[in-house]
Protein chains: 2
Amino acid sequence: MDICDHEREHEEALKRLRATALSEEDLAIMCNLFKLLGDPSRMKIILALTEGELCVYHIVEAVGGNQSAVSHQLRVLKDNRLVKSRRDGKNIVYSFYDEHVSRIIGIALEHVVCEKG
Amino acid sequence: MDICDHEREHEEALKRLRATALSEEDLAIMCNLFKLLGDPSRMKIILALTEGELCVYHIVEAVGGNQSAVSHQLRVLKDNRLVKSRRDGKNIVYSFYDEHVSRIIGIALEHVVCEKG
DNA sequence: TTATAATATGAATACCTATTCATATAATAA
DNA sequence: TTATTATATGAATAGGTATTCATATTATAA
């Protein structure tokens, strides 16, 4: 006997799913991106950088919290290639690694609007 | 003396940032969405549902792992309105709460492609 | 009603990770 | 060189959360 009353449809859905299946690696890449964006402290940093590059001091000013915490998160973002940095005199200036991130943020901001409306 | 050699530009960036600033609540909504999408087990469930509605049994079949774990994650997804469910005889059938989720997933899949290419 | 199938739930555990504190490094100014 | 400023880093801690196991619930079949 069948598991449920939608046996055929579900089996077909599962069949399509297998056809388009992501590899475990791709799944990990995708989830990792979302995980990075899922922390408010990191998101604040990312949002700050949408307005242009910033040195660490100004990032700290923008997001609040202590300098060490911000530095740790910048490291995480950099290791994962969401941001890049360059030294400029005694400062380190951070900016987005590529346009990719800001696109995603743009869409996320739309989501917030929808969620509230 | 100034903090860095880009004092003016950074101050202007921070000014624009304050102008467009998200509330803490909106930030939380946004991050929460990303956090939900950042777990591979949950993402597998979500990806499975992109092919159509499924009962729990078939979700378990699609994503692997044990039934209890899947049920717990379905609960999380439902509490956060990413999915909805309806009873159908002895089965519970899950599907996306709205079109929103599948849009985001579509974009994320693009990201994976870019990341690899 | 009793048995069984499908799903949900509670508690316990184990892992992960964000934050903090203290300190190190690196560049510049004196 | 020494002092100071800007940033990074290591270790420790605490809070969160995914998973598992056992069990409860709900619906149907016998």
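The sequence lines fix the lettering, A, B, ..., with proteins before strands; numbering per chain opens at 1.
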Run the side-chain donor-acceptor check on residues 34-49 of chain A: report pairs under 3.5 Å with partners two or more places apart or on a different chain.
residue	atom	partner	partner atom	Å
A/Asp39	OD2	A/Ser41	N	3.2
A/Asp39	OD2	A/Arg42	N	3.1
A/Arg42	NE	A/Leu36	O	2.8
A/Arg42	NH1	A/Gln73	OE1	3.0
A/Arg42	NH2	A/Lys35	O	3.2
A/Lys44	NZ	B/Glu24	OE2	3.1

Quiz item: What is the distance from atom CZ of B/Arg75 to atom CG of B/Asn80, rounded to the nearest 0.5 Å?
Solution: 10.5 Å
Quiz item: Please give, in whole Å, the distance from C/dT17 C1' to A/Met43 CE?
Solution: 17 Å
Practice problem: Rounded off to whole Å, could you give me the CG-to-P distance for the B/Asn66 and C/dA6 pair? | Solution: 16 Å
Practice problem: Let me know the distance between CD1 of B/Ile59 and P of C/dT7, rounded to the nearest Å. | Solution: 8 Å
Exercise. Using ring-ring contact (aromatic ring centres under 6.0 Å, His included) as the criterion, list what pairs up with A/His6, not counting sequence neighbours.
Key: A/His10
Quiz item: Hey, are the side chains of A/Arg16 and A/Glu11 touching, using non-hydrogen atoms and a 4.5 Å cut-off?
Solution: no
Quiz item: Which parts of nucleotides 4-17 of chain D does protein reach within less than 4.0 Å, heavy atoms only, written one letter per nucleotide 5' to 3' as B for base, S for sugar-phosphate only and - for none?
Solution: --SBBBBB-----S
Quiz item: Just how far, in rounded Å, is P of C/dT7 from CZ of B/Arg86?
Solution: 12 Å
Exercise. I would like to know whether B/Asp5 and A/Asn91 meet side-chain hydrogen bond (donor to acceptor under 3.5 Å, both in side chains); could you show each step before the answer?
Key: CA-CA 8 Å; B/Asp5 293 342; A/Asn91 299 287; 5.4 Å; no
Self-check item: Residues B/Glu53 and B/Arg86 bridged, charged N to O under 4.0 Å
Solution: yes
Quiz item: Between B/Leu54 (CG) and C/dT7 (C1'), how many Å, whole number?
Solution: 15 Å
